[in-house]
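Quick notes on the structure that follows.
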Amino acid sequence: MQQTLVLIKPDGLKKSLTGNILTRLSETKLEIAAAKMVRVSKELAESHYGHMKDKPFFGELIGYIMGELHDRRKVLALVYYGENAIKKVRELSGATNPEEADPVSIRGAYGRVTTKGVYENVLHTSTNEEEAEREIKLWFKPDEIIFDVYETEIITREVVKERVWKKK
Ligand code: UDP
Ligand code: MG
């Protein structure tokens, strides 16, 4: 059994592809273990794509995942769980470059290459178990996932600074 992170990227949301993508992913018969809309901060974006920071398109990539190319800072993050989850989801998504992706894959059907050379490929999917663990732990807290996909522990924080709704 495996878990994998799926992100419906800002272009996927803006193109109103959420339903189509989730329907395609349901072909895998995997279980959705977590789902939430995320307002992507620069820190989160840079941490998610930290291993790409030497790439010439890194700046554009961060802007893309932060929603700067699609007017809204939002991404739909999901965890899929089940047998061979990583490979099943990866196969359905298709190759990174939408022009090279199988035309019936999600990226092949809906992705595009921008004139600036960024692959707007509508979704992110983890490539291996190590990456999935790093990414799931980055995007989700243990209680946001319906069961413990990784070991947890209880800690006590001394000072907690949190943004809350302003009192009237
Ligand atoms: N990317 C790009 N140009 C490239 C390679 C990657 O724009 O030449 C973008 C693309 O959006 C991709 C993301 O960077 O999804 C992360 O790249 P990675 O190689 O990890 O591809 P993925 O795992 O998403 O298939
Ligand atoms: Mg990758």
Side-chain angles (χ1 to χ4, degrees), residues 1-19 21-22 25-26 28 30-90 93 96 114 116 118-168:
M1 290 294 188
Q2 284 178 330
Q3 45 281 342
T4 187
L5 180 81
V6 170
L7 301 176
I8 302 190
K9 295 180 176 180
D11 52 325
L13 295 173
K14 183 153 187 188
K15 289 173 167 173
S16 200
L17 292 171
T18 309
I21 294 171
L22 297 183
L25 291 175
S26 70
T28 60
L30 296 167
E31 181 176 358
I32 296 176
K36 65 172 176 180
M37 295 298 302
V38 183
R39 180 163 20 163
V40 182
S41 66
K42 193 157 200 226
E43 294 70 48
L44 177 58
E46 288 183 346
S47 179
H48 178 74
Y49 282 131
H51 58 294
M52 314 278 288
K53 66 175 178 297
D54 296 331
K55 304 275 181 192
F57 53 84
F58 183 68
E60 272 97 46
L61 181 61
I62 295 306
Y64 166 34
I65 198 72
M66 286 178 71
E68 284 173 358
L69 313 177
H70 302 90
D71 6 287
R72 184 69 91 189
R73 187 177 288 198
K74 62 176 179 183
V75 150
L76 176 58
L78 303 113
V79 175
Y80 278 82
Y81 173 83
E83 211 172 296
N84 249 327
I86 295 171
K87 187 159 174 268
K88 281 179 183 159
V89 170
R90 198 75 197 167
S93 357
T96 307
T114 68
K116 283 190 174 160
V118 180
Y119 301 159
E120 285 189 5
N121 49 16
V122 306
L123 84 168
H124 166 85
T125 57
S126 311
T127 357
N128 54 51
E129 283 191 3
E130 197 188 347
E131 194 179 282
E133 178 168 355
R134 187 185 75 78
E135 293 176 349
I136 290 169
K137 288 179 174 174
L138 177 66
W139 288 82
F140 288 92
K141 292 180 186 159
D143 288 340
E144 293 174 325
I145 304 178
I146 52 159
F147 48 82
D148 289 347
V149 291
Y150 303 110
E151 238 184 303
T152 63
E153 62 181 344
I154 306 286
I155 59 162
T156 308
R157 290 194 197 281
E158 296 282 313
V159 183
V160 181
K161 209 171 143 193
E162 193 185 351
R163 199 164 72 94
V164 297
W165 299 116
K166 196 172 176 178
K167 283 205 186 90
K168 276 196 173 168

Sequence neighbours excluded, the answer for side chain to side chain donor-acceptor pair (under 3.5 Å) partners of Lys55 is none
Side chain to side chain donor-acceptor pair (under 3.5 Å) filter on Asp143, not counting sequence neighbours, yields none
For residues 160-168, which side-chain N or O atoms pair as donor and acceptor with protein atoms under 3.5 Å away, sequence neighbours left out?
none

Side-chain heavy atoms of [X] within contact of [Y], under 4.5 Å:
X: Tyr64; Y: Lys116; value: no
X: Ile8; Y: Leu22; value: yes
X: Ile136; Y: Ile145; value: yes
X: Val75; Y: His124; value: no
X: Ile86; Y: Thr127; value: no

Distance col, row Leu78:CG vs Thr125:OG1, nearest 0.5 angstrom, shows 12.0 Å
When rounded to the nearest 0.5 Å, the distance separating OG1 of Thr156 from CD1 of Ile154 is 8.5 Å
Residues passing the salt bridge (Lys or Arg N to Asp or Glu O under 4.0 Å) test with Lys53, sequence neighbours excluded, are none
Applied to residues 60-85, the salt bridge (charged side-chain N to carboxylate O under 4.0 Å, His left out) test, sequence neighbours excluded, yields Lys14-Asp71
Which of Glu133, Lys88, Glu129 passes side chain to side chain donor-acceptor pair (under 3.5 Å) with Gln2? It is Glu129
Under 3.5 Å, which donor-acceptor pairs link side chains of residues 32-51 to any protein atom two or more places apart or in another chain?
from: Lys36; atom 1: NZ; to: Trp139; atom 2: O; distance (Å): 2.7
from: Lys36; atom 1: NZ; to: Glu144; atom 2: OE1; distance (Å): 2.9
from: Lys36; atom 1: NZ; to: Glu144; atom 2: OE2; distance (Å): 3.4
from: Ser41; atom 1: OG; to: Leu44; atom 2: N; distance (Å): 3.0
from: His48; atom 1: ND1; to: Trp139; atom 2: NE1; distance (Å): 3.1
from: Tyr49; atom 1: OH; to: Lys9; atom 2: NZ; distance (Å): 3.4

Strictly distance-based, threshold 3.5 Å: is any side-chain N or O of [X] a donor or acceptor partner for the main-chain N or O of [Y]?
X: Ser126; Y: Leu5; result: yes
X: Glu120; Y: Asp11; result: no
X: Asp148; Y: Glu151; result: no

